[in-house]
Amino acid sequence: MHGPVVAWFAENARDLPWRRPEAGAWGVMVSEFMLQQTPVARVLPVYEEWMRRWPRPADLAAVPPGEAVRAWGRLGYPRRALRLHAAAGAMTERHGGEVPTEHAHLLALPGVGEYTAAAVASFAHGRRQAVLDTNVRRVFARAVVGTRYPPNATTAAERRLARALLPEDEATAARWAAATMELGALVCTARAPRCGVCPISDRCAWRLAGSPEHQGPPRRGQAWAGTDRQVRGRLMAVLRESMEPVRASVLERVWEDSVQRERALRGLLADRLAERLPDGRYRLPGA
DNA sequence: CAGCCGTGGTC
DNA sequence: TGACCAAGGCT
């Protein structure tokens with residue numbers, strides 16, 4: 001299936017800014033952090049502004065972490081901004097301000113897990129790495145395994161399969177990684193796959209099996225309303241939008257339940273997403 | 001390792 | 001309309 005998928009990618013790949021040569025490895029890394037659980041459309045404007053302000057890791061490392069959190073805006077999971085800032089610091093100190101090319105070195109950076117390390121090595125440096133994200137896992141689950149969805153958590157079997165399917169040639173492997181991801185993002189989508197335009201629909205194991213529905217336990221969605229996450233989000237929105245430290249009384253207005261509100265605020269302080277000044281006011285860290 | 005961590009668009 | 005979903009990582 002490599003031929004059809006790579007050929008499809010050559011014709012249908014989106015022209016995304018982090019895929020252009022001028023993005024560099026740093027641009028690829030920034031995009032990968034932002035794209036962790038956040039759709040492309042929302043990332044695009046934030047990415048552009050981020051790269052304009054901080055074109056190299058050392059530029060980001062030179063500003064307080066709160067500036068990164070503020071620039072992160074409404075992308076969600078603001079701890080990613082903190083980790084990207086910390087990763088920039090680590091690269092400035094330990095890697096001469098450059099994005100590492102070795103998977104193991106990438107993996108050692110804060111906020112860089114198995115997927116992101118492989119993605120940066122492959123997309124930024126052209127390395128031969130099995131890149132296993134939710135898109136690729138879904139494509140493999142359908143095309144190879146014959147199920148509608150992959151397992152909830154990445155399994156050893158999936159890693160073996162991804163390595164087995166990875167082309168030997170380095171450049172081809174990198175294209176294959178990007179192509180399978182793009183196929184999952186544009187065609188082999190979670191809810192309504194567009195099998196009519198899929199380059200491998202004729203050999204897709206899931207289709208050949210009659211497109212069976214999902215078996216096993218339902219995929220649990222994450223609760224949101226009323227959770228600490230919602231409270232944290234509101235608190236962070238206030239801190240982000242204020243260029244001055246805010247008084248506690250301002251934060252009190254975002255949530256009725258004082259017990260939950262205080263717990264959420266303590267959580268933000270513990271996570272270093274917010275800090276309390278000696279005068280009792282709160283702000284983004286160092287900003 | 002199951003649970004936690006934001007936000008907004010979609011069907 | 002609300003559940004699902006979007007290029008995960010960390011504990």
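Order of the sequence lines fixes the chain letters, A, B, ..., with proteins taken first and strands second; residue numbering starts at 1 for each chain.
One distance of note links CD of E98(A) with CE of M91(A); it measures 9.5 Å at 0.5 Å rounding.
When the side-chain nitrogen and oxygen atoms of R263(A) are compared with OP1 and OP2 of dC4(B), none of them lie within a distance under 4.0 Å. The side chain of R19(A) contributes no N or O atom lying less than 4.0 Å from OP1 or OP2 of dA7(C). At the phosphate of dG9(C), OP1 or OP2 sits under 4.0 Å from a side-chain N or O atom of T116(A).
The cluster map of Ile, Leu, Val, Met, Phe, Trp and Tyr, joined by side-chain heavy atoms under 4.5 Å apart, puts L44(A) and W72(A) in the same cluster.
Judged by distance alone with a 3.5 Å cut-off, no donor-acceptor contact links the side chain of T134(A) to the base of dG8(C). In the interface, the side chain of R42(A) is not paired with the base of dA7(C) through any donor and acceptor atom under 3.5 Å apart.
Separating the CD atom of E182(A) from the P atom of dA6(C) is a distance of 14 Å, rounded to the nearest angstrom.
Nearest-nucleotide assignment on DNA chain C puts the 5′-proximal partner with L35(A), out of V112(A) and L35(A).
The residue from V46(A), T38(A), V40(A) that alone fulfils the side chain to side chain contact (heavy atoms under 4.5 Å, CB included) condition with R42(A) is T38(A).
Rounded to the nearest Å, the gap between the P atom of dG6(B) and that of dT11(C) is 14 Å.
Contacts between residues 73-90 of chain A and DNA chain C, counted as heavy-atom distances below 4.0 Å, involve R83(A). Interface residues of residues 186-199 of chain A facing DNA chain C, ordered by number: A190(A), R191(A); criterion, heavy-atom separation under 4.0 Å.
With respect to E241(A) and R74(A), a salt bridge is recorded, a charged nitrogen being found less than 4.0 Å from a carboxylate O. At a threshold of 4.0 Å, the pair D279(A)-R247(A) does not count as salt-bridged, since none of the basic side-chain nitrogens sits closer than that to a carboxylate oxygen.
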